[in-house]
Amino acid sequence: MGTPDFAVPSLEALLKSDDAVVGIVTQPDRPKGRGQILVPSPVKQVAQREHIPLLQPTKMKDAEFLRMLADWKPDIIVVAAFGRILPPAVLTLPPKGCINVHGSLLPKYRGAGPIQWAIINGETETGITTMLMDEGMDTGAMLLQEKIEIRSDDTAGSLSVKLAELGGRLLVKTVQQWKAGTLVPHPQDHSRATLAPLLKKEDGLIDWTMPAAALANRIRGLTPWPGAYTFYGSDRWTVLKAEALPESLTGVPGMVAAVTKQAIHVETGRGLLVVTELQPANGRRMKVGEYLAGHPISVGQRLVHGRS
RNA sequence: CGCGGGGUGGAGCAGCCUGGUAGCUCGUUGGGCUCAUAACCCAAAGGUCGAAGGUUCAAAUCCUUCCCCCGCAA
């Protein structure tokens, strides 16, 4: 069971492994983009390519769905970024249980946005944890765990690709060892658990009173989705790349303190944020140098929280 | 038919409303200046103005259709 790009490497890894994938479950096609066109999930596209039986339930407790799922007689159900809570009826279906691939070092960052929050919080390492699912949100007993470095230039997008890849490898290893009975589940230390809730569009709004270093992390964690944005006059900017400088020039958060050939220096709550890449509304992503070639930016203007 | 913005030399934009043979910033090339430079000065190259059709003496500019890109919203 899985839905977005993150789940694809896990599925592909399973397909290449010795175990048979008897069926795939993914979320229903959703209208997407400007034409409101129905788009199949990345996982569905693989399923169709491989001609593997596919279910797209709208409700997890739907009787028809549960009956068809049971008909597949799965030994194990593997879940990677599926996006739905599994009811007990599903969790207890496979004799060897449900295994989840999670993008963090549990018990830290339980929830839908572990990769993004790890970057936002300035972590320097994260990883993949495979675990036996229970009824809680990422609270099950852990099977295998592997660490990965978070580089200072990683964004949620780039890190997600790496973790998805690692997830696929670790998943196959987990399944093999679990079948062989050589794995001992380790209960999580619930007292050390932290939550990583799903990010919303509004979480991308930049609060210039925060320290520059925190904003730089936040921008990385919010890229490419939902995107960190701010407003210059009536223009909406999505800030794609920026770095923090410790010194401060004007002390007025949000003020454009300086403009060089390839960067816009913005005052924050502490230090300067040097913006080097952005995407204006109605435009494509571009280096600030390119943007400045056609858009005069005046020092002293303030970046604000809404269109003005 | 969800709302909206846009396609103009290599890049980013102005010009369109109030038709009359294309402009700005940057880049590129050549030259100059300088101990030196991604700095500065001078010069040059480079554009079927997304496509097709229409109106007109004349269309980047007005009308019609089509193609492509993007923001919001989901």
Side-chain angles (χ1 to χ4, degrees), chain A residues 2-7 25-45 56-60 62 81-85 111-113 115-116 153 155-158 160 197-208 215 218-243 245 247 249 254 256-266 272-308:
Chain A
T3 303
D5 288 318
F6 179 82
V25 182
T26 194
Q27 291 210 28
D29 298 358
R30 293 264 154 69
K32 216 181 160 188
R34 279 161 275 282
Q36 290 301 91
I37 302 163
L38 235 46
V39 177
S41 76
V43 164
K44 178 176 180 177
Q45 293 177 29
Q56 294 182 274
T58 49
K59 291 193 329 202
M60 283 299 104
D62 181 72
F82 177 49
R84 305 306 292 267
I85 303 285
I115 302 172
Q116 289 145 326
D153 62 344
T155 64
S158 68
S160 178
L198 186 66
L199 286 164
K200 296 191 297 288
K201 199 93 188 171
E202 308 84 77
D203 293 321
L205 183 58
I206 294 175
D207 174 6
W208 292 106
L215 284 175
R218 205 174 171 80
I219 287 163
R220 290 192 301 132
L222 292 167
T223 303
W225 200 90
Y229 59 94
T230 188
F231 295 90
Y232 177 88
S234 59
D235 298 331
R236 181 187 191 277
W237 291 354
T238 301
V239 178
L240 295 167
K241 204 174 258 181
E243 52 192 80
L245 285 183
E247 62 267 27
L249 290 178
V256 176
V259 176
T260 69
K261 269 192 119 163
Q262 29 218 344
I264 298 169
H265 297 233
V266 185
L272 286 170
L273 192 74
V274 182
V275 178
T276 55
E277 201 170 328
L278 59 78
Q279 174 164 17
N282 306 330
R284 56 184 193 80
R285 64 182 300 164
M286 56 183 103
K287 305 273 187 205
V288 164
E290 297 177 304
Y291 183 80
L292 290 173
H295 305 260
I297 299 297
S298 14
V299 171
Q301 269 273 338
R302 290 191 67 179
L303 298 174
V304 290
H305 296 175
R307 215 172 285 279
S308 60

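Note: hydrogens, waters and symmetry copies are ignored here, and every other heavy atom, side chains too, is used. Throughout, protein chains are lettered first and strands after them, A, B, ... in sequence-line order, and every chain is numbered starting at 1.
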**Study point:** Base paired to B/rC17 (Watson-Crick or G-U; both N/O distances under 3.5 angstrom)
**Key:** none
Exercise for review: Quickly work out the A/K200 NZ to B/rA73 C1' distance and round it to whole Å.
Suggested key: 17 Å
Point to revise | Atom-pair distance (CG on A/D235; P on B/rC70), nearest Å | key: 19 Å
Practice item. Please state whether the phosphate of B/rC13, meaning OP1 or OP2, lies under 4.0 angstrom from any side-chain nitrogen or oxygen of A/H295. Key: yes
Exercise for review: Name the residue closer to the 5' end of RNA chain B, choosing between A/T238 and A/R284 according to the nucleotide with the nearest heavy atom.
Suggested key: A/R284
Review point. With both distances under 3.5 Å as the test, what is the Watson-Crick or G-U wobble partner of B/rA39?
Key: none
Practice item. Report the relative orientation of the aromatic rings in A/Y291 and A/H295; use parallel for angles under 30°, tilted for 30 to 60°, perpendicular for over 60°. Key: parallel
Review point. Between B/rC72, B/rC13, B/rG71, which one does the side chain of A/A281 approach most closely?
Key: B/rG71
Review point. A/L278 has an atom CG; how far is it from atom P of B/rG71, in whole Å?
Key: 13 Å
Exercise for review: Using atom types as modelled and distance alone, determine if a side-chain donor or acceptor of A/T238 lies under 3.5 Å from a backbone N or O of A/A228.
Suggested key: no
Check your understanding: In Å and rounded to the nearest 0.5 Å, what is the CE to CG distance from A/M286 to A/L292?
Key -> 10.0 Å
Review point. So how far is it from A/R236 CZ to A/L278 CG, rounded to the nearest 0.5 Å?
Key: 12.0 Å
Check your understanding: Judged by atom type as modelled, is there a donor-acceptor pair below 3.5 Å linking the side chain of A/Q262 to the main-chain atoms of A/V288?
Key -> no
Practice item. Indicate yes or no for a side-chain donor-acceptor contact from A/T3 to the backbone of A/F82 under 3.5 Å, with no hydrogens or angles considered. Key: yes
Review point. Looking for any heavy atom pair under 4.0 Å, which part of the strands does A/Q279 touch: base, sugar-phosphate only, or nothing?
Key: sugar-phosphate
Review point. Does B/rA51 pair with anything, Watson-Crick or G-U wobble, both distances under 3.5 Å, and if so, with which nucleotide?
Key: B/rU65
**Study point:** B/rA11 pairs with, by Watson-Crick or G-U criteria that keep both distances under 3.5 Å
**Key:** B/rU25
Exercise for review: Could you tell me whether the side chain of A/H265 reaches within less than 4.5 Å of the side chain of A/T260, counting heavy atoms only?
Suggested key: yes
Revision key, fill the gap. In Watson-Crick or G-U wobble terms, with both distances under 3.5 Å, the base opposite B/rC72 is B/rG2
Exercise for review: For each nucleotide in nucleotides 22-27 of chain B, reading 5' to 3', give B when a protein heavy atom comes within less than 4.0 Å of its base, S when such contact involves only the sugar-phosphate, and - otherwise.
Suggested key: ---BSS
Review point. Which part of the nucleic acid, if any, lies within contact of A/K287, taking any heavy atom under 4.0 Å across all strands shown: a base, the sugar-phosphate backbone alone, or nothing?
Key: nothing
Review point. At under 4.0 Å, does any side-chain N or O of A/R30 touch on OP1 or OP2 of B/rA74?
Key: no
